[in-house]
S.K.: 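I have a structure I would like to understand better, so I am pasting it below and will then ask my questions one at a time.
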There are 2 protein chains.
Amino acid sequence: MDSLLGIGLVSRRTGLTQHVIRIWERRYGAVKPDRTATKRRRYSVGDLERLNLLSLLTRSGHGIGSVAGMPTASLRELVGGLSGKAAPAPASPVETKLVESFIEECVAAIRSFDGGRLQAALRHLETRLGAHGSLQRGVAPLVCIVGELWRMGDVTVAHEHFASVEIRRFLSSATRSYAQGESAPLLLVATPAGQLHELGALLASSAAGNMGWRVVHLGVGLPAAEIAGAAVQSRARAVALSLVHPEDDPALGPELLKLRELLPGEIPIIIGGRAVRGYRDTVRRIKAIHLEDLGRFCATLDKLRTLRPAGKGC
Amino acid sequence: MDSLLGIGLVSRRTGLTQHVIRIWERRYGAVKPDRTATKRRRYSVGDLERLNLLSLLTRSGHGIGSVAGMPTASLRELVGGLSGKAAPAPASPVETKLVESFIEECVAAIRSFDGGRLQAALRHLETRLGAHGSLQRGVAPLVCIVGELWRMGDVTVAHEHFASVEIRRFLSSATRSYAQGESAPLLLVATPAGQLHELGALLASSAAGNMGWRVVHLGVGLPAAEIAGAAVQSRARAVALSLVHPEDDPALGPELLKLRELLPGEIPIIIGGRAVRGYRDTVRRIKAIHLEDLGRFCATLDKLRTLRPAGKGC
DNA sequence: CATTCTTTGACAATCTATTGACGATTCTGA
DNA sequence: TCAGAATCGTCAATAGATTGTCAAAGAATG
């Protein structure tokens, strides 16, 4: 077994303290790293994955003592099914087929304004791919496709709104990870003034909730001053914005600048959504973190949680 | 059996207090979790489902004592057949006190962006007043008050948006629509172009869902043509509009006229919300049914369902 | 030599179990 | 209609378990 990672590295990559890693080993035998001749721990990539899984599970409410002893495969299953993210994206042919038929079914349901059918499809996918997998590989693509259909005039505004409402109903009821306690970092999610499409923001909120963040979701079309005020008052660790529809709103650039100005410097701004391209310069100017897909968004959240409080330079 | 969920986790996922979970176990044997060597409860996913079902059932009026002993399959069945119907309307002094403290608690939660606290208050009220009663006598007033606070500048736009999102999350999870088959009448709910406040519409949708209507909720800010198109396509029996904020939008009058024109004559338009007064003439002109409060809205729905067997066979 | 790592014991904060009691509501039978 | 009984959620207090964090001292690394 190639065990070559030092504890410092593992600590940084998992977001766990070195202390915690050692304690988990000593008390629960969570991992059993090799040792060098001089007793230093050497972790394998398998250990790394294991620790990442355990980190996710403890964050979403499991006691470490009850999961530390399980085989890695079971951990993966628990993570996929109950709350966390499914880091590996295997994209097997079976799965792509599943997702394809899912999308097809959803679009048909939307076209006929059949809410029950849409909810059924969403639930079905969730049982197959888990909370996070269904978001990343099912709902997110669906949202894009609906947007596309609308832009091409293939479905009406009413269809698009209807889909938004139903998808958001699903997301609301699927995301239950409330009450993470005061200690969990807080993400503020919103859409700046002029941006009225809410699904991107909702996806972000759900994903963040699944990953153990507390989330304050402010919805759609908020002026910069409001966002900044709320962020300060709720002591958010980061602010996430979603830009989807108008790609050329001249008022949005100044709005973003103002937000950066009003927001304390240590609170990063994360921006995602297909319309970002229209405001690229501004986004760069305010040093926002630009993320195109949900997977990267999750990875960034993980990094932010561990890097920020320690004050470690990024 | 794989029993690995701690009571804390189960509590968060079911919305039940740890205390309640334990009491249900002790008094009614609702679940029989395994124990660790140190007597801690370990729940299986089956237990989790069971508790979720029981939570739903008690919230909609069943006594815990009468359902706690039933096999899980029967619980599922019972939940499937749920369709609101609770809490007539006693309006006792005890209740007004309850509602008052509820509102107070909610406003405090909103001011501090505390979603968990807000959800807890909402749930609590629901257990006391039932699905229907809590809507009519708790949530509806709350919505009005939040709107009032916002208009007076007493809370910011961010607070108002935040409240909208959380209340709508509650409504989404509380409303058990889709239980009805093809035969149930269908109500289309929306907000016309220019009207961007969605809570009124959402309340209407929930109430209608509770009363056994199928609901197509189109959300906020839709042009007349879109509403009419969707109504025709989904074969709605009625269209409900909510008017809340701009009371003097000159574009809204023509929009309403256009809607009446595009809509088949046998489909009535129901209009509610505090901004209706600003458009009184138009509302009268299009022969819309104007309803000021949720109670009358429900009554009207009942009448429409029975009086309007327009297409008796379908 | 500064930094990183290991081990150990101790500590504090949080979570959990159990018990008994309390108060509000609802049910029941006269 | 009314008193008593039953139902049901909540609370408080104590004891014990679980889990993250810390400090100190020595060893290894580069």
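Small disclaimer: the values here were computed from a predicted structure and weren't measured. By convention in this document, chain letters (A, B, ...) are assigned in the order of the sequence lines, proteins followed by strands, and residues within each chain are numbered from 1. Hydrogens, waters and symmetry mates play no part in the numbers below; they use all other heavy atoms, side chains included.
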S.K.: Under the salt bridge (Lys or Arg N to Asp or Glu O under 4.0 Å) rule, collect the residues that match up with A:R35, sequence neighbours excluded.
M.R.: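 A:R35 satisfies salt bridge (Lys or Arg N to Asp or Glu O under 4.0 Å) with A:E25 once adjacent residues are dropped.
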
S.K.: Going 5' to 3' along nucleotides 3-9 of chain C, which nucleotides have protein heavy atoms under 4.0 Å from the base (write B), which only from the sugar-phosphate (write S), and which from neither (write -)?
M.R.: -BSBBB-

S.K.: Using a cut-off of 4.0 Å on non-hydrogen atoms, how would the nucleic acid contact of A:T36 be classed: base, sugar-phosphate, or nothing?
M.R.: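 Nothing, no nucleic acid heavy atom in range.
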
S.K.: Tell me, please, which residues at least two apart from A:T72 pass side chain to side chain contact (heavy atoms under 4.5 Å, CB included).
M.R.: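 In terms of side chain to side chain contact (heavy atoms under 4.5 Å, CB included), with neighbours along the sequence ignored, A:T72 is linked to A:E49, A:R50, A:L53, A:R76.
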
S.K.: Quick one: list whatever passes side chain to side chain donor-acceptor pair (under 3.5 Å) with B:S101, sequence neighbours left out.
M.R.: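 Partners of B:S101 under the side chain to side chain donor-acceptor pair (under 3.5 Å) test: none.
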
S.K.: Apply side chain to side chain donor-acceptor pair (under 3.5 Å) to A:S55 and list each qualifying residue two or more places apart in sequence or on a separate chain.
M.R.: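 For A:S55, the residues satisfying side chain to side chain donor-acceptor pair (under 3.5 Å) (neighbours in sequence not counted) are A:R59.
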
S.K.: Kindly write out the residues that satisfy ring pair (Phe, Tyr, Trp, His ring centres under 6.0 Å) with B:H159, not counting sequence neighbours, or none if the list is empty.
M.R.: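 If we apply the ring pair (Phe, Tyr, Trp, His ring centres under 6.0 Å) test to B:H159, skipping adjacent residues, the hits are B:F113.
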
S.K.: Sequence neighbours left out, what passes side chain to side chain donor-acceptor pair (under 3.5 Å) with A:T36? Give chain and number order.
M.R.: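 Checked A:T36 against side chain to side chain donor-acceptor pair (under 3.5 Å); matches are A:T38.
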
S.K.: Residues two or more places apart in sequence or in another chain: which of them pass salt bridge (Lys or Arg N to Asp or Glu O under 4.0 Å) with B:R296?
M.R.: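 Salt bridge (Lys or Arg N to Asp or Glu O under 4.0 Å) check on B:R296 returns B:D293.
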
S.K.: Go through DNA chain D in 5' to 3' direction and return only the first and the last nucleotide with some atom under 4.0 Å of chain A's heavy atoms.
M.R.: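 Terminal contacting nucleotides, 5' to 3': D:dT19 to D:dT29.
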
S.K.: Apply side chain to side chain contact (heavy atoms under 4.5 Å, CB included) to A:V10 and list each qualifying residue two or more places apart in sequence or on a separate chain.
M.R.: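 Listed in chain order: A:L5, A:T14, A:I21, A:Y43, A:L48, A:L51.
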
S.K.: Through what angle, rounded to 10 degrees, does the axis of the helix from C:dC1-D:dG30 to C:dA30-D:dT1 turn between its ends, using five pairs per end?
M.R.: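 Terminal axis comparison yields 30°.
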
S.K.: What pair of heavy atoms forms the shortest contact from A:S66 to A:G63, and how long is it?
M.R.: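 Looking at all heavy atoms of both residues, the shortest contact is OG-O, 2.9 Å.
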
S.K.: Can you name the residues that form a side chain to side chain contact (heavy atoms under 4.5 Å, CB included) with A:I269, not counting sequence neighbours?
M.R.: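 Residues passing side chain to side chain contact (heavy atoms under 4.5 Å, CB included) with A:I269: A:L241, A:L259, A:R260, A:L263, A:I271, A:I286, A:A288.
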
